[in-house]
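Letters A, B, ... are given to chains in the order of the sequence lines, protein chains preceding strands, and every chain is numbered from 1.
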Number of protein chains: 2
Amino acid sequence: MTRPHTTRRKRANGLESRQRILDAAVEIAGERGYEGTSIAAVSAKCGLPASSIYWHFKDKDDLIAAVIERSFDSWLAAVELPGEETGTSLQRVTVMAANVAKSLVDAPDFLRLGLMLALERRPTEPRGRTVFLQVRGVARQKITEMLQTLFPELDEDGIHTLTTYAIAGADGLFVQREITGDAVDLRAMFELHAQSVHEVARRMAAGAGR
Amino acid sequence: MTRPHTTRRKRANGLESRQRILDAAVEIAGERGYEGTSIAAVSAKCGLPASSIYWHFKDKDDLIAAVIERSFDSWLAAVELPGEETGTSLQRVTVMAANVAKSLVDAPDFLRLGLMLALERRPTEPRGRTVFLQVRGVARQKITEMLQTLFPELDEDGIHTLTTYAIAGADGLFVQREITGDAVDLRAMFELHAQSVHEVARRMAAGAGR
DNA sequence: TTCCAATTGGAGTGACCGCTACAGTAAGTG
DNA sequence: CACTTACTGTAGCGGTCACTCCAATTGGAA
């Protein structure tokens, strides 16, 4: 009794259904935003009835928040942040930019949906927006730490400004690509941006040092 | 007998009501996006019944498109594009960036709503999105022309890349400010971006010349 | 004064919304 | 075997959606 490996095989379909619901939801929400994502549409796309969706998720807000969380995880996995490799600071910034560019091409849903939620300002903020801002804060923190190790001569304010500028460029280039499609070579533009960020850091350091 | 000044005073309220409807709509649409903008909410905010809205506008799509058009006009007016003043290319880029930053602080509705529409990808594209992409194209053309006069040594591809990068930075910085509020000093960041764009142009020219 | 066109007000329309109630089914557990 | 747990399927609830119909109202023209 009480088998050592109480695997508790959850009646096969449970987890798979949850994934199917999230797959459908991320697709629809990434196309149509929060209000545009109807439970009926998600239900039709994943083939499960509305009651199943509400068994797996408390309400629509909960569903969207789960979508954000999962797509952030898969995006983070796609970034493949580089290890402690050596090289010039420019090289390391460029490598990181290339990774981010690749991840945004491979998994654009996270940022597209996230930006749509972030731009909205409804009176009662949906949980999905809060979750997005949180995970975005996590990503920002990682960038800040990297820039601190790369440019130790900069003070806190400088690092803050540099981080903001780096993220803004990434967001903006992503938006450009979402609007104009493949006409934008995201990797080339991100390489350009990496050079810019590096140059800004150099200028800042020179200005502060004099 | 056919008064010389046949001003045809359109029964007073006509045009004013139209403006009131647009005022209400731009506010709600800027907060909640396309799907989130309900006619009932617009009606409540402007104090006119739904039937009046439908007398002035064909349907919801038409209303949103009109909102985009009008807010683009007021944004363009806020940009106050500088004349043929002289100065170094860096100075002129910086002045332009400052103007755009100011206009985005003063009239953020245009870009906020526009970006929300642009990021959405519903099967049948709303006219508002098309209108936004059109007027955005107009703005892009102006930037291209300015950069061409400032950096005549760059070829078409270089100008294209430079324009894309300049716009991306502006979009990204705007998004940052919308997300984090006044914590972002938009004017300072735009000045930084102007320097970056100028530096990129210099690097491009040097690279092409060798 | 009569008439017309420009608006407004209000009352609805059917379709869709998020969400729920509840019975049914199938697998593991005693 | 009965019993519990983990879902699925159907039907439908009240509310809101975009949108329409049509009877007022109101100012200007004839």
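- For B/Ser52, taking side-chain heavy atoms from C-beta onward, the closest of the listed nucleotides D/dA18, D/dT10, C/dT8 is C/dT8.
- A/Glu16 places its CD atom 14 Å from the C1' atom of D/dT8, with the value rounded to the nearest Å.
- To the nearest angstrom, P of C/dC19 lies 8 Å from NZ of A/Lys58.
- Between A/Ala50 and A/Trp55, the one whose closest nucleotide on DNA chain D sits nearer the 5' end is A/Trp55.
- Comparing D/dT10, C/dT20, D/dA18 by their nearest atom to the side chain of A/Tyr54 picks out C/dT20.
- The backbone N or O of A/Arg122 lies less than 3.5 Å from no partner atom in the side chain of B/Arg32, so there is not a single donor-acceptor pair.
- Ring to ring, B/Tyr165 and B/His193 are close: their centroids are under 6.0 angstrom apart.
- In this structure, CG of B/Leu15 is placed 19 Å from P of C/dA5, rounded to the nearest angstrom.
- Of the residues in residues 23-42 of chain B, none has a non-hydrogen atom less than 4.0 angstrom from any atom of DNA chain C.
- Going from atom CZ of B/Phe57 over to atom P of D/dA18 covers 15 Å, rounded to whole Å.
- Side-chain atoms of A/His56 and A/Ser17 form no donor-acceptor pair, as typed in the model, at a separation below 3.5 Å.
- Judged by the 6.0 Å distance and 45° axis criteria, B/Lys60 is positioned over the aromatic ring of B/Tyr34.
- Between the C1' atom of C/dA6 and the CD1 atom of B/Ile21 lies a distance of 13 Å, rounded to the nearest Å.
- One finds no side-chain N or O of B/His56 lying less than 4.0 angstrom from the OP1 or OP2 phosphate oxygen of C/dA6.
- Screening B/Ile143, B/Leu162, B/Thr144, B/Val100 against B/Ile167 for a side-chain contact (heavy atoms from CB on, under 4.5 Å) leaves a single residue, B/Ile143.
- Closest to the side chain of A/Ser17, out of C/dG18, C/dG10, D/dT8, is D/dT8.
- Here the nucleotide nearest the side chain of B/Lys60, chosen from D/dG9, C/dT8, D/dC19, is D/dC19.
- Taking the six-membered ring for Trp and the full ring otherwise, the centers of A/Phe132 and A/Phe110 sit less than 6.0 Å from each other.
- For CG of A/Asp155, the number of neighbouring non-hydrogen atoms (other residues, nucleotides, ligands) closer than 6.0 Å is greater than 12.
- For B/Leu48 and D/dA24, the CG to P distance is 21 Å, given to the nearest whole Å.
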